[in-house]
Amino acid sequence: MSVIAEENVRGGSVFKEINADDEDSQPTEIESLCMNCYQNGMTRILLTKIPFFKEIIVSSFTCPNCSWSNTEIQSAGRIQDQGITYTLNVKSKQDMNREVVKADSATTRIPELDFEIPPYTQKGCKYSLNFLLIWITIFTFQETAPEVAVKISEFIDKLKKLKEGESGFTLVIDDPSGNSFVENPFAPQTDEALSVCNYTRTPQQDAQLGIKASNEEEEEKPINDIDSMRNEVLTFNTNCPECNAPASTNMKLVQIPHFKEVIIMATNCDDCGHRTNEVKSGGATEELGTKITLHLTDVSDMSRDLLKSETCSILIPELEFELGMAAVGGKFTTLEGLLKDIKDLIVSKNPFTCGDSSTSDRTEKLKLFGQKIDKIMAGDMDVHIVLDDPAGNSYLQNIYAPDPDPEMTTEKYTRTFEQNEDLGLNDMKTEGYQK
């Protein structure tokens, strides 16, 4: 039996990237029972991680007695804070080349065929949309009874038409763990055919994922003195989002001048050195949404303080670029810091710019986008930055305060039904909820 050192567990070095030159990165062999002939076989387990994605466990079993073999891939990464739903309208044959990452907790649906693959019925894997339809064909043959062979044949014919691009269809991947992904081939531009929606999991979904909610009541009385809360820094234990080692998160209530109170949370990992911060709104959702437009005319604009809530989307019309509300979490930073985060997210940390998934055209396009972001930060490109927050909890510093800023406009607007749905306001009942 092998023993893993404590410092390796805390540091997250148990999961290593696959490297042909690393002789220490070898699979662990365990003698185990073959479920086909009930003789002893050999299981090989490899703990590794996919760059820019997450940790995985690769296991392979072979039986020398009956020659039966089996290979599985299991996720070892953390469950995301929210679930995610991808809705893709497939209209052309080029859409069949999109890369799809499907976790084992995800539900896959094709409404036009009234077809659904429930969660936990197949192992998670990564493939193209074209291969997904082939895999659904195999899945159908395995799961359908022989007496309905005629219906099977009709279904397969419809599936072949979809695969050849003769008719459009809709692909829906709903993953409560938030670890599935559908590629946007037009990145960093907006994909009109792809809709991404983050949502809060239900208690039933938390139970399926093995998340236990604490039912213990707090014995300590809450602090009602707002001044004491402003001066106090709260600390609670969590896990590092990079190496999954134990870390601590500090939380503090901060008053932003000419705006409102916000909650700033910062995490610092002593093992891998990863540092991150996130901002949550300290107040309620505003009655009206807020749209802030800043015309960048000088490099000094990069030093403006900026509060981006988790519900705020970012637009740069001159680059035809739009970043959805859930792509980057809440941040309290400068305008330059926000642009650096956008560049890291789209260019440096894009999982489809390396390995087998990368193409020269895609890599060149993202490289050009990164160069344009650098020009904006250097003040060499005349653009507009738009912060659109339907919750009204985002802020951009007015350096002329209390006078109006000639280069910045702030617009209040009434939210649409879809925006209220994303914020969970349509189902919220604030009066008479006792009934």
Side-chain angles (χ1 to χ4, degrees), residues 52 86 88-89 94-95 98-99 181-198 289-354 357-390 394-397 399 405-411 413 419:
F52 308 116
Y86 290 93
L88 175 64
N89 294 320
Q94 287 75 16
D95 289 332
R98 292 174 184 253
E99 297 289 341
F181 184 78
V182 176
E183 178 194 8
N184 173 13
F186 306 103
Q189 278 76 33
T190 305
D191 189 349
E192 299 294 339
L194 181 63
S195 173
V196 183
C197 177
N198 290 81
T290 302
K291 184 176 182 180
I292 305 173
T293 304
L294 174 65
H295 182 204
L296 299 181
T297 58
D298 190 81
V299 69
S300 61
D301 289 328
M302 293 294 105
S303 60
R304 290 176 184 251
D305 290 333
L306 179 144
L307 170 64
K308 178 201 171 296
S309 73
E310 62 272 16
T311 59
C312 178
S313 59
I314 304 169
L315 295 89
I316 306 179
E318 289 78 4
L319 301 185
E320 297 182 357
F321 172 77
E322 180 178 353
L323 192 67
M325 64 171 64
V328 178
K331 289 184 176 294
F332 183 44
T333 180
T334 62
L335 189 56
E336 182 180 11
L338 179 65
L339 292 175
K340 287 183 178 179
D341 290 338
I342 292 176
K343 180 182 176 182
D344 290 341
L345 178 68
I346 302 299
V347 182
S348 305
K349 297 183 179 180
N350 193 323
F352 293 104
T353 58
C354 61
S357 300
S358 63
T359 61
S360 57
D361 293 341
R362 181 188 303 154
T363 304
E364 186 65 27
K365 182 170 61 174
L366 293 177
K367 182 179 179 181
L368 180 61
F369 176 80
Q371 293 174 353
K372 291 181 180 179
I373 294 294
D374 290 336
K375 288 183 179 180
I376 295 176
M377 290 189 291
D380 298 334
M381 194 171 181
D382 188 10
V383 297
H384 293 76
I385 302 292
V386 181
L387 304 179
D388 190 353
D389 187 359
S394 294
Y395 163 82
L396 184 60
Q397 181 186 11
I399 58 178
D405 191 330
E407 303 298 337
M408 185 173 70
T409 59
T410 302
E411 174 189 353
Y413 63 89
Q419 289 174 325

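Residues S303 and Q397 come closest through the heavy atom pair O-OE1, 4.2 Å. Taking each heavy atom of L194 and N184 in turn, the nearest pair found is CD2-CB, 4.5 Å. For I316 against L339, the heavy-atom pair with the smallest separation is CD1-CD2, 4.4 Å. Here the shortest heavy-atom pairing between T311 and P390 reads O-CD, 3.3 Å.
With salt bridges taken as basic N to acidic carboxylate O contacts below 4.0 Å, one links E183 and R362. The existence of a salt bridge linking R98 and D191 is confirmed by a sub-4.0 Å separation between a basic side-chain nitrogen and an acidic carboxylate oxygen.
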Side chain to side chain contact (heavy atoms under 4.5 Å, CB included) assessment of Y395 paired with I292: CA-CA 8 Å; Y395 163 82; I292 305 173; 5.5 Å; no
Criterion side chain to side chain contact (heavy atoms under 4.5 Å, CB included) on V383 and H295, from CA distance to verdict: CA-CA 6 Å; V383 297; H295 182 204; over 6 Å; no
List the steps, then state whether salt bridge (charged side-chain N to carboxylate O under 4.0 Å, His left out) holds for K308 with D341. CA-CA 12 Å; K308 178 201 171 296; D341 290 338; over 6 Å; no
Quick one, Y413 with Q419, criterion side chain to side chain contact (heavy atoms under 4.5 Å, CB included). Give me CA distance, side-chain angles, the key distance, then yes/no. CA-CA 12 Å; Y413 63 89; Q419 289 174 325; 3.7 Å; yes
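Here CG of L335 is found 10.0 Å from CE of M377. Values are rounded to the nearest 0.5 Å. To the nearest 0.5 angstrom, E310 atom CD is 12.0 Å from K331 atom NZ. Rounding to the nearest 0.5 Å places OG1 of T190 at 9.0 Å from CD of E320.
Using a distance-only test at 3.5 Å, with no hydrogens or angles considered, a donor-acceptor pair links the side chain of S394 to the main chain of S309. Proximity of a side-chain donor or acceptor of E318 to a complementary backbone N or O of H384 within less than 3.5 Å is detected. Listed for the S313 side chain is a donor-acceptor partner under 3.5 Å among the backbone atoms of D388. A donor-acceptor contact shorter than 3.5 Å is absent between the side chain of D380 and the backbone of I376.
For K340, the NZ atom sits in a loose shell: 12 or fewer heavy atoms of surrounding residues, nucleotides or ligands are nearer than 6.0 Å. Around NZ of K291, the count of heavy atoms belonging to other residues, nucleotides or ligands within 6.0 Å does not exceed 12.
Residues R304 and I399 have side chains in contact (heavy-atom distance under 4.5 Å, counting atoms from C-beta outward). Residues I385 and T293 have side chains not in contact (no heavy-atom distance under 4.5 Å, counting atoms from C-beta outward). By the 4.5 Å heavy-atom criterion applied to side chains, L294 and T409 are not counted as neighbours. Residues L296 and M302 are in side-chain contact: their nearest non-hydrogen atoms beyond the backbone lie under 4.5 Å apart. Considering only heavy atoms from C-beta on, L338 comes within 4.5 Å of I314 through its side chain.
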Would you mind writing out the side-chain donor-acceptor pairs for residues 367-374 within the sub-3.5 Å range, not counting sequence neighbours?
| unit_1 | atom_1 | unit_2 | atom_2 | d |
| --- | --- | --- | --- | --- |
| D374 | OD1 | K343 | NZ | 2.9 |
| D374 | OD2 | K343 | NZ | 2.9 |

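Checked options L306, L315, T290; the residue passing with L387 is L306 (criterion: side chain to side chain contact (heavy atoms under 4.5 Å, CB included)).
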